[in-house]
Protein chains: 4
Amino acid sequence: MTDSKKSRRASGKRERLAAAAAEVLHAQGVAQTTLADIAQAAEVPVGNVYYYFKTKDELVEAAIDAHARTLGGMIAALDELPTPEERLKALLAGWVEQRELTARFGCPTGTLASELDKRADGLDRSVAAVMQTLLDWAEQQFRTMGRADARELAVALIASYQGISLLTNTFRDPGLMTTEARRLERWIDSLG
Amino acid sequence: MTDSKKSRRASGKRERLAAAAAEVLHAQGVAQTTLADIAQAAEVPVGNVYYYFKTKDELVEAAIDAHARTLGGMIAALDELPTPEERLKALLAGWVEQRELTARFGCPTGTLASELDKRADGLDRSVAAVMQTLLDWAEQQFRTMGRADARELAVALIASYQGISLLTNTFRDPGLMTTEARRLERWIDSLG
Amino acid sequence: MTDSKKSRRASGKRERLAAAAAEVLHAQGVAQTTLADIAQAAEVPVGNVYYYFKTKDELVEAAIDAHARTLGGMIAALDELPTPEERLKALLAGWVEQRELTARFGCPTGTLASELDKRADGLDRSVAAVMQTLLDWAEQQFRTMGRADARELAVALIASYQGISLLTNTFRDPGLMTTEARRLERWIDSLG
Amino acid sequence: MTDSKKSRRASGKRERLAAAAAEVLHAQGVAQTTLADIAQAAEVPVGNVYYYFKTKDELVEAAIDAHARTLGGMIAALDELPTPEERLKALLAGWVEQRELTARFGCPTGTLASELDKRADGLDRSVAAVMQTLLDWAEQQFRTMGRADARELAVALIASYQGISLLTNTFRDPGLMTTEARRLERWIDSLG
DNA sequence: TATGAATGAGTCTTCATTCAT
DNA sequence: TATGAATGAAGACTCATTCAT
């Protein structure tokens, strides 16, 4: 039976596991999280996890994918907005909305990128792809705004987000996110 | 015999261990690094480590302290420069200089902050203190420049650095650091 | 419904499983072979195996039986030949024919005997019975040749076969089987 | 610290472990033997085993080496005898002496060869080397006896031994070994 | 102080077997 | 009968920490 078949099947346990993994890994970090933790969060017996994922790494990969899909959904929603300025500001608004979670656990993409980068397996490339997606989208917005330096601006924007997420998390201060988002908003306005 | 006495003693094993720890932890991450790794890097027998550090966490703390001292030295050197603008730009220059190391392992402070935050022990507070030091120094520069929003600017600057370090590391592209530093330089000029 | 009824039934899954088991167990060894391996080889869903065999051991037993039947067929074919000398030499010829398989996996009977002997269950007795059959048949040939030491000669012959199979397998050298068979042929001639 | 250093050290636990492994593996087979079994036999805590051997396979390798050394010692002792005929017959005598052990567990070399051959790792090559040693030694004896077909005779002799060991073990009948040894003795005499 | 060795708790992973449908 | 899924009992391996000398 192929994986895709498995995932099409009834109970959706595979999805439940991936979702639980995404959440727990975000909250505890990859290294600090045991399979038992994830299994418990998904209310699945540990042994059963291996029916769906051959290794812990595969489960981590699934969590990254789940995260990528969430991000994809978010981007799709943003794309409904008429102008790039509005889209970018809506992105900022989303970040502010998440500030409490960020203060507790950091940005899910960023913390994963930071932790997985230290590892030899291919997982780091998966997170990089997620980050790339976000970067490309931002670049597209700046380009639509007519900026020749769209890539550089995109990098600056995402870097600011990743950095402020880290500080917000380090100091457990959601206010940092709010202030920085406001600053970035003004910055976007100034680029027009 | 007190710890301080110990550290004043001849062999300097304690310092060697802390320095080795700082380096290895930066390169491999805390979770992926075993005591044996550090002991080996410091050329100290594993069993002996425990004479100097009661637990692995204490050794991590020492590594953070070592890192803090390095940072302190760097700041002291910057303070020799006459104007805050020059000081801030010299900081940027330092970041660019480190870009290869950053591409491989990320910013030492940032990666530690990201990883240790997920842990219940007090280590996260130690890294936060290091980050605070940097933030305070930057704030001081902006304040000297006569900016009322010095804190906000300091946060923005450090966040940009942390974020671009993460991206530089994620994409293993030192060029990102160079470009962003140039952008930040222009930004600093624009604040005058 | 009795087992015999089951085996008389249409689908022949039971036989397919036993045959697949015989093959896979020969190739991989009992311990290295999972039920899933056998099920896959027989193209039968894992869960379904248990309808035909209550335990893995029962399936191994069936594999031994399958092997015994193959051996029985071979012996029956040999018995068509007119003289015991011809029959014994035809046996040797069969061994030589199998030399490539033997070089890769050893003698099916011998490897099973060797591995199962270490186990407490009754499976070792089943393999012993298979070996006994072969031994008895060989003894009969030597007896027909008028040898009073027929049993001893039979033991020597089968031992030579088992041993050369082991060496052929250990050194992955089918040539060993060929040479030894020729030697045994001369030996048989010398007994006349 | 190098392995050789470790093995030169006091307690000899490494040797104890290797010896225990050799014994237990012979008695139970590799797959059926857990590290805990070996640790218990050597009266060493399980966790401690890993101080001496990084993996189970390394311990198995050590057991093979231990067995190789025993064999080497035996061969050295045989070499004290004046003629190749005497040496070969002394070898046979040794086999007969071991017949009870063989009836219970088979030939240590042969059972290892049979079991390890099914595995992808290099362990099978280690056992093959042990078998090779024995083969080479026997060949040398036949050559000294002036036989041009020394290799073939050596193969035949060792094959007979491996085969009769298997039968002795399968039928749990030490008498088989005795009878076959006598036959081989006569055979050696006939080659003069 | 120094150090090789010891310890044991914790983690991943496998797999025979069972179950619900 | 058929089958995907569930379960839990091992077993290998790691590593921080402790100990004996």
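A note on names: the letters A, B, ... follow the listed sequences, proteins ahead of strands, and every chain is numbered from 1.
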Exercise for review: Please figure out whether B:V46 or C:T55 has its closest DNA chain E nucleotide nearer the 5' end.
Suggested key: B:V46
Review point. Is the backbone of B:A31 close enough, under 3.5 Å, to the side chain of B:E115 for a donor and an acceptor to pair up by distance?
Key: yes
Exercise for review: Using the closest heavy atom to pick a nucleotide of DNA chain F for each, name whichever of A:V49 or D:T33 lands nearer the 5' end.
Suggested key: A:V49
Check your understanding: Nearest-Å distance, CG (A:D57) to P (E:dT11)?
Key -> 16 Å
Review point. A:K54 has an atom NZ; how far is it from atom C1' of E:dC15, in whole Å?
Key: 15 Å
Point to revise | Atom-to-atom span, CG of B:L35 to P of E:dA5 - whole angstrom | key: 18 Å
Review point. Hey, is the side chain of B:K13 poking within less than 4.0 Å of OP1 or OP2 on E:dA2, counting only N and O atoms?
Key: yes
Point to revise | Which residue lies more 5' along DNA chain F, comparing D:G47 with D:T34 via nearest heavy atoms | key: D:T34
**Study point:** C:E23, CD atom: more than 12 neighbouring heavy atoms under 6.0 Å
**Key:** no
Review point. Would you say B:Y52 reaches E:dT1's phosphate, i.e. side-chain N/O to OP1/OP2 under 4.0 Å?
Key: no
**Study point:** Nucleotide F:dT1, atom C1' - distance to CG of C:L17 in whole Å
**Key:** 14 Å
Review point. CZ of D:F53 versus P of F:dC13: gap in Å, rounded?
Key: 13 Å
Review point. For the side chain of D:S114 and the backbone of D:G110, is there at least one donor-acceptor N/O pair under 3.5 Å apart?
Key: no
Check your understanding: Distance check: side-chain N/O of A:K56 vs OP1/OP2 of E:dT14, anything under 4.0 Å?
Key -> no
Review point. Using a cut-off of less than 4.0 Å, is there contact between a side-chain N or O of C:Y51 and OP1 or OP2 of F:dT1?
Key: yes
Practice item. Measure the distance from CD on D:Q40 to P on F:dA12 and round it to the nearest whole Å. Key: 13 Å
Review point. Separation of D:Y50 atom OH from E:dA9 atom P, in whole Å?
Key: 17 Å
Check your understanding: Within this structure, what is the CZ-to-C1' distance between C:R16 and F:dA2, rounded to whole angstrom?
Key -> 13 Å
Check your understanding: What does E:dT7 pair with, Watson-Crick or G-U, if both distances are under 3.5 Å?
Key -> F:dA16
Practice item. Respond yes when some side-chain nitrogen or oxygen of D:N48 is under 4.0 Å from OP1 or OP2 of E:dA5, and no when none is. Key: no
Point to revise | Interatomic distance, C:F53 atom CZ to C:R14 atom CZ [nearest 0.5 angstrom] | key: 4.0 Å
Exercise for review: Could you give me the CA-CA distance, side-chain angles and deciding distance for B:R119 and B:D57, then say whether side-chain contact (heavy atoms from CB on, under 4.5 Å) is met?
Suggested key: CA-CA 11 Å; B:R119 302 175 33 158; B:D57 278 6; 2.8 Å; yes
Study note, to complete from the structure: Assert: residue with more 5' nearest nucleotide on DNA chain E, out of A:Q32 and C:A31, is A:Q32
Practice item. Using Watson-Crick or G-U wobble geometry with both distances below 3.5 Å, tell me the partner of F:dA10, or none. Key: E:dT13
